[in-house]
Protein chains: 2
Amino acid sequence: MSIEKEQEIFADFIRSKKLKRSEQRQLIMEVFLKTEKHLTAEELYDMVKKKNPSIGYATIYRTMKLLTEAELCRELLVDDGVTRYEHLYDHKHHDHLICTECKTFIEIESPEIEALQEKIAKKNGFLLTKHRLDLYGLCRNCRS
Amino acid sequence: MSIEKEQEIFADFIRSKKLKRSEQRQLIMEVFLKTEKHLTAEELYDMVKKKNPSIGYATIYRTMKLLTEAELCRELLVDDGVTRYEHLYDHKHHDHLICTECKTFIEIESPEIEALQEKIAKKNGFLLTKHRLDLYGLCRNCRS
DNA sequence: ATACCTGCAAATGTTTTGCGACTAA
DNA sequence: TTAGTCGCAAAACATTTGCAGGTAT
């Protein structure tokens, strides 16, 4: 899975905002894009630190904010109080099935649920801007 | 709407856990139960402080944990990072429609959505323990 | 040369915890 | 009397920010 398109989008974003490219941002972006997981800032920090031991937490957070702004990343807030980051580019909207034991994230999609949500919002006079559906439970392995 | 039944449940809970009754817990419980809103710890603290100015934050948090254990309260985690508390006793399971502007919470219920969730969980081999559905948007008043 | 960036440490905001004094049982 | 409880201040935790020095354009 190539990450070139995303890198290009980020480069454009940096240029359009009159920001600068930097080694650190480049590295953090690569680590994030090459890992198809829902990573926490800490996990990202640990991975990036291996390639650049002088990196600071602040740079991780600041870069992830930029990637989020550039729509390459989505911040995921789950019930354990730690923000996770997931790929957004070329990913359809989806929700999550989360194993509370091993923290596996499975992405799910349900047009039927989305339709029902719209119906409920409409009935209550709301203009829906976003939603969040997390299903928590035990995965096949952790049920035993 | 009477709160006697809930008070009785809490008294039983306290007894069964070999804890003690106290003025502070009684007061916090009353303030919580008499307010049919989704309160934050801070809001609760402010309200309780009016009746007992010496109350501390820690007592609010500790008491709300007890009420949650006693199943009189549910902790609600929404995207602004602040925990809110809502009544649980005699309240059916429900989700929320939240106005991001005025922070109005509307409780919603959808057996159809719940059924679809179970179906998705089953398909993925998950044993569902809980879920969370928040719909964010603008309410009728805030749309203008 | 002029922004912008970085790492660090300090600050933030929410929630939890340790502790000595206090109080219900 | 002996647990449990309280309020306080300090700690914990994830995240953000100010700053002085460094870097891309």
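So that the names make sense, note that chain A is the first sequence line, chain B the second, and so on, each numbered from 1.
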In a table with atom names and distances, give each donor-acceptor pair under 3.5 Å that connects a side chain of residues 131-144 of chain A to protein atoms at least two apart or in another chain.
unit_1, atom_1, unit_2, atom_2, d
His131(A), ND1, Gln117(A), OE1, 3.1
His131(A), NE2, His93(A), NE2, 3.0
His131(A), NE2, Asp95(A), OD1, 3.3
His131(A), NE2, Glu114(A), OE2, 3.3
Arg132(A), NE, Leu77(A), O, 3.3
Arg132(A), NE, Asp134(A), OD2, 3.2
Arg132(A), NH1, Leu77(A), O, 2.9
Arg132(A), NH1, Asp79(B), OD1, 2.4
Arg132(A), NH2, Leu77(A), O, 2.3
Arg132(A), NH2, Asp134(A), OD2, 3.2
Asp134(A), OD2, Tyr136(A), OH, 3.0
Tyr136(A), OH, Asp79(A), N, 3.2
Tyr136(A), OH, Asp79(A), OD1, 3.4
Arg143(A), NH1, Gly125(B), O, 3.1
Ser144(A), OG, Asn141(A), O, 3.1

Name all residues meeting the side chain to side chain contact (heavy atoms under 4.5 Å, CB included) criterion together with Thr40(A); count only those two or more places apart in sequence or in a different chain, and write none if there are none.
Glu42(A), Glu43(A), Val82(A), Arg84(A)

Heavy-atom check, side chain of Leu67(A) versus side chain of Glu69(A), under 4.5 Å
no

I'd like to know if Asp90(A) pairs up with Lys5(A) as an ion pair, taking the criterion as any Lys NZ or Arg NE/NH1/NH2 lying under 4.0 Å from an Asp or Glu carboxylate oxygen.
no

Regarding Lys65(B) and Glu75(B), does a basic nitrogen lie under 4.0 Å from an acidic carboxylate oxygen?
yes

Would you mind reading off the distance between Asp46(A) atom CG and dA14(D) atom P, rounded to a whole angstrom?
12 Å

How many whole angstroms separate atom CD1 of Ile60(B) from atom P of dT16(C)?
13 Å

If a stem is a run of at least 3 consecutive Watson-Crick or G-U pairs, both distances under 3.5 Å, which stems include DNA chain C?
C:1-25 with D:1-25

Distances under 3.5 Å between nitrogen or oxygen atoms of protein and nucleotides 13-15 of chain C:
unit_1, atom_1, unit_2, atom_2, d
dT15(C), OP1, Thr83(B), N, 2.9
dT15(C), OP1, Thr83(B), OG1, 2.7
dT15(C), OP2, Tyr61(B), OH, 2.5
dT15(C), O5', Tyr61(B), OH, 3.3

What's the verdict on salt bridge (charged side-chain N to carboxylate O under 4.0 Å, His left out) for Arg15(A) and Asp12(A), showing C-alpha distance, side-chain angles and the deciding distance?
CA-CA 5 Å; Arg15(A) 227 173 289 124; Asp12(A) 286 350; 3.0 Å; yes

Quick one about His91(A) and Glu86(A) (side-chain donor to acceptor, distance below 3.5 Å, no hydrogens or angles considered), yes or no?
no

Rounded distance (Å) that lies between atom C1' of dG22(D) and atom CG of Asn52(A):
14 Å

ILVMFWY cluster, Leu116(B) and Leu127(B) together (side-chain gap under 4.5 Å)
no

Protein-nucleotide distance (Glu75(B), atom CD; dT16(C), atom C1'), rounded to Å:
12 Å

Those residues that, when tested against Thr59(B), pass side chain to side chain contact (heavy atoms under 4.5 Å, CB included) (two or more places apart)
Gln24(B), Ile28(B), Ile55(B), Thr63(B)

Per-nt protein contacts along nucleotides 1-6 of chain C (heavy atom under 4.0 Å; B base, S backbone sugar-phosphate only, - none) come out as --BSSB

Cys73(B) side chain near His87(B) side chain, heavy-atom distance below 4.5 Å:
no

